[in-house]
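Everything below concerns the one structure shown next.
Read the numbers this way: they start at 1 and go in the same order the structure lists the ligands and their atoms. Source: prediction; values computed, not measured.
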Amino acid sequence: MGEFIKVEIDLAKFAGEEETANWVQVCPVNIFTIEANQPVVVKENEDECTLCMLCVEAFPTGAVTIHRLYEQ
Ligand code: SF4
C-alpha cells in the first residue's frame with residue numbers, strides 16, 4: 001500500500017475484458033496492470049500517482065477511486 005496515495009478498484013463495476021485492457025493503459029505512471037484477466041493496482045507504484053484523474057474519467061462508473069492519505 002502507498003504511504004501517500006491509495007488507489008482502489010471495484011471489480012464489480014468493470015465491464016468487459018477489452019474495455020479493462022484499454023483502461024489500464026490510461027495511467028501515465030503504470031499504477032494498473034492485469035492479472036488473471038482482472039485489473040489490479042501495482043502497489044509499489046501507488047505513491048507515483050499524480051492525481052491526474054485520467055483513470056477516474058476513463059471509467060465514469062466509479063470503478064476506480066483515488067484516496068489521498070495526507071493533509072494538504
Ligand atoms: S489518477 Fe492518474 S496517476 Fe493516479 S492512478 Fe489514476 S491515471 Fe494513474
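- Shown in contact with F32 at under 4.0 Å from a heavy atom are these atoms of ligand 1, numbered in order with element: 5 (S).
- Taking CD of Q25 as the start and CG of N30 as the end, the distance is 10.0 Å to the nearest 0.5 Å.
- For atom 6 (Fe) of ligand 1, the nearest protein heavy atom (residue, atom name, distance) is C55 SG, 2.3 Å.
- For atom 8 (Fe) of ligand 1, the nearest non-hydrogen atom of the protein is C27 SG, 2.4 Å.
- The closest donor-acceptor contact from the side chain of E46 to the backbone of V7 lies under 3.5 Å.
- Annotation: the span from L51 atom CG to H67 atom NE2 amounts to 12.0 Å, rounded to 0.5 Å.
- When only non-hydrogen protein atoms are considered, atom 3 (S) of ligand 1 lies nearest to T50 N, 3.4 Å.
- By the neighbour-count criterion of 12 heavy atoms within 6.0 Å, atom CD of E35 is sparsely surrounded, having that number or fewer from other residues, nucleotides or ligands.
- In this structure, the protein non-hydrogen atom closest to atom 2 (Fe) of ligand 1 is C52 SG, 2.3 Å.
- The protein atom (non-hydrogen) at minimum distance from atom 1 (S) of ligand 1 is M53 N, 3.1 Å.
- Taking each heavy atom of C52 and E57 in turn, the nearest pair found is O-OE2, 4.5 Å.
- Note on ring orientation: taking the six-membered ring where Trp is involved, the planes of F32 and W23 are tilted (angle from 30° to 60°).
- Atom 2 (Fe) of ligand 1 has no N, O or S atom of C49 under 2.8 Å away, backbone or side chain.
- Near V29, meaning under 4.0 Å from one of its heavy atoms, ligand 1 places the atoms 3 (S).
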